**Q** 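One structure coming up, written as structure tokens, with questions to follow.
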Amino acid sequence: MKGRTVKLKEAHRGNGAASVCSILWDNSGGLLVTACAGDSTAFIHDAVQPAKPAKALRHHREGVTAIALNPTFDTLASGSIDHSVKLYSFPDGEFQSNVTRFTLPIRALAFNKSGSLLAAAGDDDGIKMIATVDSSISRVLKGHNGSVTGLAFDPKNEFLASVDGFGTVTYWELSSGKPVHTLKSVAPNCDSDASRLNFLSWSPDGETLAVPGLKNDIVMYDRDTAEKLFTLKGDHEKPVCFLSWSPNGKYIATAGLDNQVLIWDVDQRQDIDRQKFDERISSLSWKPNSNALAVIDVMGKFGVWENPVPCFMRSPTDGAINHQTRTGNGLLLFEEDDKKSSHSGSLDEIMEESHGDSIPVSSKRLRKHSVLDKSDEDSDGFLEQIVSRKRSAKNKEHLRFGGGTEECESSVRTVRPKLQEAFQPGSTPVQVGKRRFLCYNLLGSITTIENEGYSHIEVDFHDTGRGPRVPSMTDYFGFTMAALNENGSIFANPCKGTKSMSTLMYRPFGSWANNSEASEEVKAVALGTGWVAAVTSLNFLRIFTDGGLQRHVLCLDGPVVTAAGFRNKLAVVTHASDCFSSGDQVLEAQVFNINDRTQLIRCRLPLSPGSCLSWFGFSEEGQLCTYDSQGVLRMLTNQYGNSWLPIFSASKAKKTEDENYWMVGLNANKLFCVSCKSPNSYPLVMPKPVLILLDLKFPLACSDLGADDLENEFIIRNMHLYQILEKIDENAAAGLDTSALDDEAFDMESAIDRCILRLISTCCNADKLVRATELARLLSMDKSVKGAIKLVTTLKLPILAERFNEILEERLLNESKGVSNNSSVMDVNKAVVIPNLSSPQVFATAEASKKGKNAEHEESKERKELCGNSSNEAEKSQAATIPFSKMSNNHDRSEKVIKATEKELNKKSSKEEDKQLPVKGGGTSNSSSIEVVNQKHCQRPINPFAKSSNKLEKSSTSLLDSLKKMKKTDK
């Protein structure tokens with residue numbers, strides 16, 4: 001099988017048995033309509049925003065067996081087992097009328113070129129031709145002996161082709177309502193299988209009719225003579241059950257009973273790609289404006305096959321034939337003859353107006369028969385005559401209209417993918433008669449329900465003790481968006497007319513604030529500490545104070561998608577450009593500091609291919625995050641120049657295929673969401689949604705160690721450490737206390753070391769010794785390196801133990817050099833003196849004299865905890881048996897390093913001992929009035945991922961004392 005496997009998701013839940021299912025694209029390629037004979041509800045899906053809930057059409061009492069869109073794409077028809085045919089407005093899905101009823105189930109529907117006629121057929125005797133203007137039955141076409149399962153109007157509005165369950169194909173002349181050709185038993189017999197229907201389809205130019213053949217092939221018939229032109233014979237192992245032409249007629253897609261879908265190059269008469277599915281595909285539909293094919297199987301699962309035609313070949317939309325033109329307001333209209341015919345309810349009038357001066361069908365048929373009679377050539381020569389005649393007819397038509405190149409070019413309609421509409425994070429769609437969420441986050445929720453002329457809004461907190469009790473509110477403005485934080489809530493409504501204005505209301509949890517009105521429409525709102533923001537349809541970012549004072553008005557570069565706030569930060573997402581031809585959105589994120597009036601970040605916002613943004617906001621720690629419709633959660637970091645990290649993937653976390661997650665929020669370790677079952681993609685207000693917690697997990701490649709969880713933990717903890725160190729630098733620059741963050745960073749480094757040790761053990765067991773050495777170099781603490789040495793010694797890996805010893809010695813030597821370089825640096829303002837190494841005490845200022853002894857005792861205790869008992873380590877090292885001489889001298893080597901370090905430090909310190917530095921209150925450093933103390937300094941281990949900070953440097957005194965104590969203990 002070529003290409004990427006197409007993933008299907010459930011659209012309809014039937015009775016568990018195979019059923020006829022249908023799927024259609026709209027003209028823009030932004031909507032998909034699905035129906036199933038096992039489900040009484042048809043759905044309109046948003047293909048641009050898959051996470052958006054599908055619109056349900058629940059007017060049939062039994063399964064929907066057929067659907068059809070008229071050529072102007074403003075009317076949807078559906079037929080059902082309940083014997084009725086219904087019309088809906090499109091795309092809003094509002095029910096319009098019941099156009100007709102049958103005595104038996106309906107199996108097929110089709111609109112003509114102008115949309116003025118709807119053909120309906122099924123198990124009843126006859127095909128009803130219904131005038132859509134007044135729903136009157138203009139004519140009933142009778143002639144089939146079995147159930148009619150397929151209908152197709154030819155694009156030139158001259159014929160209607162039909163096929164029944166016994167495989168008989170009939171050409172009906174629309175002007176007379178009589179059959180002109182009947183091809184008996186040319187298609188497979190499917191009369192006994194209710195889950196399978198025969199189908200046929202005209203090519204976009206109307207010259208060829210494609211019908212499933214009896215030899216697992218597709219047979220092409222001529223338009224005028226119904227003669228067999230050629231067949232497409234490939235790798236279908238069973239009969240073809242559905243087919244669909246590409247928009248330009250160059251390709252055709254076929255679905256077979258062998259669960260395969262094949263893509264054919266009609267000119268080359270060979271298949272160019274294929275897909276194998278778990279279930280039989282019941283219906284296919286080409287996307288009108290890009291290289292994509294929608295499929296739905298007999299179990300009601302649908303999906304989109306991207307790029308079914310290889311990229312190096314001509315696009316299936318290149319040169320697509322379309323008789324429609326677009327007006328300025330975006331509506332699709334037909335040419336003048338189609339406009340006139342659409343106003344007539346009479347079938348005869350429709351036929352007369354649509355034909356005009358064209359040659360009568362009977363004359364065409366007789367002329368072609370005469371050519372056939374006079375021809376002495378074989379069938380190939382006959383086909384050449386047909387092709388040449390058709391080309392000459394096209395040339396005549398071209399001359400008749402005076403070289404209509406411009407007309408032809410204007411008739412080709414280019415439709416761009418739609419930009420994602422603005423949305424409010426944590427909101428759910430409008431549901432008639434039901435309460436919905438205007439906002440739902442980790443703090444609480446805002447719900448509303450519409451009544452006659454007003455709405456009822458309620459604000460609830462998840463933790464009732466955390467926030468105040470907020471009374472419910474009667475809403476006469478029709479608010480559709482809201483945001484919530486600890487200080488208050490903000491509401492906004494859209495414009496309801498050309499003269500109406502959007503209303504923005506901030507409601508603090510202490511008092512009411514005044515409303516603000518804007519002539520443009522509010523598209524998104526956000527809330528922070530002391531400020532309120534609204535983004536409007538004019539691409540203005542308006543910033544207000546809590547009391548309603550307008551502080552700033554900024555211009556954005558594109559239409560807004562959404563916005564979010566956190567304390568003094570405001571993040572806004574806008575469209576950076578039009579969508580790509582594949583339909584992918586091009587979004588940009590900007591982060592502002594409202595207090596400092598600065599722009600912190602401006603970068604592109606990544607999305608999964610074919611997805612849209614479904615949630616946007618900050619974590620509880622203030623990290624900007626996004627969640628797309630494919631279930632990928634990303635976090636923004638300034639590593640690698642403001643890059644996005646994928647920290648969660650729903651496809652790997654969900655337990656079943658029909659499960660999806662509705663995003664609520666996240667903290668440093670957990671994702672908070674609501675689990676929804678397909679086709680529902682959002683929760684209902686009642687029953688109350690239940691939050692579930694999921695672990696953050698990078699979508700890592702499969703580990704060759706089988707330690708995916710350990711590798712994920714290693715990356716996650718390093719990401720958290722980087723964030724902590726960033727906060728330490730920010731607080732240090734602001735002059736704030738960083739002791740709590742220092743402790744948190746130390747705990748995180750310890751956790752990382754423990755994770756690395758487990759990874760080293762896994763690498764040793766998998767014989768990945770080079771990787772184990774790399775991991776050992778990432779250990780932060782010397783104590784952890786010693787633990788790694790013990791680990792590999794226990795695992796009887798002496799060479800690896802030697803390498804780990806070399807890493808430890810190199811680290812101690814580097815630290816001693818760093819201490820010796822730092823020992824000459826003095827802070828005169830603090831009046832710190834260089835210690836006398838021969839004395840066990842260190843001089844300090846008079847203010848610290850009272851606490852000296854306690855500080856010395858605590859420092860000694862802390863050094864023991866950080867550095868460990870050297871004598872115990874030496875004893876355990878001696879007890880370990882290492883089968884080579886080099887390892888037996890490890891202790892001596894470490895002793896030499898310690899002595900060399902001590903000698904070097906003593907030499908430097910003795911030179912500075914005689915220097916007398918001024919101390920506070922006068923006197924010198926050897927004054928008898930100054931009490932001897934030990935100055936305590938934080939000794940946090942060095943981490944290779946951590947940023948350097950002045951507050952994290954080790955003092956030379958503490959290290960020297962540690963080395964001396966280790967030496968005395970060893971003796």
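Nothing here was measured: the structure is a model prediction, and the numbers come from that model. We count residues from 1, following the sequence as given.
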**Q** Do you know the tightest heavy-atom contact between Ala294 and Ile23?
**A** CB-CD1, 3.7 Å
**Q** Is the side chain of Thr626 donor-acceptor paired with the backbone N or O of Phe616 at a distance under 3.5 Å, no angle test?
**A** no
**Q** Assess the residue pair Asp584 and Cys579 against the criterion (side chain to side chain contact (heavy atoms under 4.5 Å, CB included)); give the C-alpha distance rounded to whole Å, side-chain angles, the decisive distance to 0.1 Å, and a yes or no.
**A** CA-CA 6 Å; Asp584 292 341; Cys579 300; over 6 Å; no
**Q** I would like to know whether Met505 and Phe479 meet side chain to side chain contact (heavy atoms under 4.5 Å, CB included); could you show each step before the answer?
**A** CA-CA 9 Å; Met505 183 181 75; Phe479 293 127; 3.9 Å; yes
**Q** Within the distance-only criterion (no hydrogens, no angle test), does the side chain of Asp628 pair as donor or acceptor with the backbone N or O of Pro606 below 3.5 angstrom?
**A** no
**Q** Is any side-chain heavy atom of Ser290 closer than 4.5 Å to a side-chain heavy atom of Thr317?
**A** no
**Q** May I have the step-by-step check of ring pair (Phe, Tyr, Trp, His ring centres under 6.0 Å) for Phe672 and Tyr661, ending in yes or no?
**A** CA-CA 9 Å; Phe672 297 84; Tyr661 301 117; over 10 Å; no
**Q** Can you see which heavy atom on Ala483 is nearest to which on Gln424, and at what distance?
**A** CB-NE2, 4.2 Å
**Q** For Lys677, does the NZ atom sit with more than 12 other heavy atoms under 6.0 Å from it, leaving out its own atoms?
**A** yes
**Q** Distance check, rounded to the nearest 0.5 Å: Asp460 atom CG versus Ile446 atom CD1?
**A** 9.5 Å
**Q** Does either side chain, that of Gln630 or that of Ser651, offer a donor lying less than 3.5 Å from an acceptor on the other one?
**A** no
**Q** Does any part of the side chain of Phe437, heavy atoms only, come nearer than 4.5 Å to the side chain of Pro689, both counted from C-beta?
**A** yes
**Q** Please find the pair of heavy atoms, one from Phe618 and one from Ala571, that lie closest to each other, and give the distance.
**A** CZ-CB, 3.8 Å
**Q** Say you draw a straight line from CG of Leu442 to CG of Asn485; how long is it, rounded to the nearest 0.5 Å?
**A** 13.0 Å
**Q** If every non-hydrogen atom of Val560 is compared with every non-hydrogen atom of Lys523, which pair is closest and at what distance?
**A** CG1-CB, 3.4 Å
**Q** Flag yes if more than 12 heavy atoms outside Glu458 fall under 6.0 Å of its CD atom; otherwise flag no.
**A** yes
**Q** With the side chain counted from C-beta on, respond yes when Val309 and Trp286 share a heavy-atom pair under 4.5 Å apart, and no when they do not.
**A** yes
**Q** Mind checking whether Lys652 and Lys697 have side chains closer than 4.5 Å, heavy atoms only?
**A** no
**Q** Contact between Leu645 and Ile715 at the side-chain level, heavy atoms closer than 4.5 Å - yes or no?
**A** no
**Q** Would you check if the side chain of Asn712 reaches a backbone N or O of Phe698 as a donor-acceptor pair within less than 3.5 Å?
**A** yes
**Q** Should His45 and Thr34 be marked as a side-chain hydrogen bond (donor to acceptor under 3.5 Å, both in side chains) after you check the CA-CA gap, both sets of side-chain angles, and the distance that decides it?
**A** CA-CA 8 Å; His45 306 267; Thr34 62; 2.8 Å; yes
**Q** Take Tyr476 and Ser455 through the test side chain to side chain contact (heavy atoms under 4.5 Å, CB included) and record every step on the way to the result.
**A** CA-CA 6 Å; Tyr476 293 99; Ser455 298; over 6 Å; no
**Q** Going by heavy atoms in the side chains, are Glu486 and Thr529 under 4.5 Å from each other?
**A** no
**Q** Under a 3.5 Å distance rule, please check whether Asp92 uses its side chain to pair with a backbone N or O of Glu94 as donor and acceptor.
**A** yes
**Q** What I'd like to find out is whether the side chain of Val522 reaches to under 4.5 Å of the side chain of Val535, using heavy atoms alone.
**A** no
**Q** Answer yes or no: are there more than 12 heavy-atom neighbours, outside Glu10 itself, under 6.0 Å from its atom CD?
**A** yes
**Q** For residues Leu8 and Val295, determine if any side-chain heavy atom of one lies less than 4.5 Å from a side-chain heavy atom of the other.
**A** yes
**Q** Check step by step if side-chain hydrogen bond (donor to acceptor under 3.5 Å, both in side chains) holds for Glu621 and Gln723.
**A** CA-CA 9 Å; Glu621 293 75 25; Gln723 295 170 1; over 6 Å; no
**Q** Would you confirm whether Asn291, through its side chain, and Ser315, through its main-chain N or O, come within 3.5 Å as a donor-acceptor pair?
**A** no
**Q** Can you tell me how far apart CH2 (Trp531) and CG (Asn487) are? Round to the nearest 0.5 Å.
**A** 11.0 Å
**Q** Is there a donor-acceptor pair closer than 3.5 Å between any side-chain N or O of Ser28 and the backbone N or O of Gly30?
**A** yes
**Q** Whether the side chain of Asn493 engages the backbone of Ser502 through a donor-acceptor N/O pair (distance < 3.5 Å, no angle test) should be reported.
**A** no
**Q** Checking Trp662 side chain against Gly426 main chain: does a donor-acceptor pair fall under 3.5 Å?
**A** no
**Q** Judged by atom type as modelled, is there a donor-acceptor pair below 3.5 Å linking the side chain of His575 to the main-chain atoms of Gln420?
**A** yes
**Q** Would Trp25 and Val304 count as a side chain to side chain contact (heavy atoms under 4.5 Å, CB included) if you check the C-alpha gap in whole Å, the side-chain angles of each, and the deciding distance to 0.1 Å?
**A** CA-CA 11 Å; Trp25 284 103; Val304 177; 4.0 Å; yes
**Q** In Å, rounded to the nearest 0.5 Å, how long is the span from CG of Leu671 to CG of Leu694?
**A** 5.5 Å
**Q** In Å and rounded to the nearest 0.5 Å, what is the CD to CG distance from Glu620 to Asn669?
**A** 10.5 Å
**Q** Going by the angle between their ring planes, with limits at 30° and 60°, are His462 and Tyr440 parallel, tilted or perpendicular?
**A** tilted
**Q** Which heavy atom of Arg435 sits nearest to which heavy atom of Val685, and what is that distance?
**A** O-CG2, 3.2 Å
**Q** Set out, in order, the CA-CA distance, both residues' side-chain angles and the distance that settles ring pair (Phe, Tyr, Trp, His ring centres under 6.0 Å) for His552 and Phe544, then state yes or no.
**A** CA-CA 7 Å; His552 312 286; Phe544 303 82; over 10 Å; no
**Q** Is it true that Glu520 and Arg542 have a side-chain N and a carboxylate O under 4.0 angstrom from each other?
**A** yes
**Q** Between Leu696 and Asn667, what is the shortest heavy-atom contact and its length?
**A** CD1-O, 3.9 Å
**Q** Start with the C-alpha distance between Asp74 and Thr72, add both sets of side-chain angles, then the distance that settles side-chain hydrogen bond (donor to acceptor under 3.5 Å, both in side chains), and finish with yes or no.
**A** CA-CA 6 Å; Asp74 58 6; Thr72 55; 2.8 Å; yes
**Q** Nearest 0.5 Å, what's the CG-CD1 distance between Leu624 and Ile601?
**A** 7.0 Å
**Q** Within the distance-only criterion (no hydrogens, no angle test), does the side chain of Asn248 pair as donor or acceptor with the backbone N or O of Asp318 below 3.5 angstrom?
**A** yes
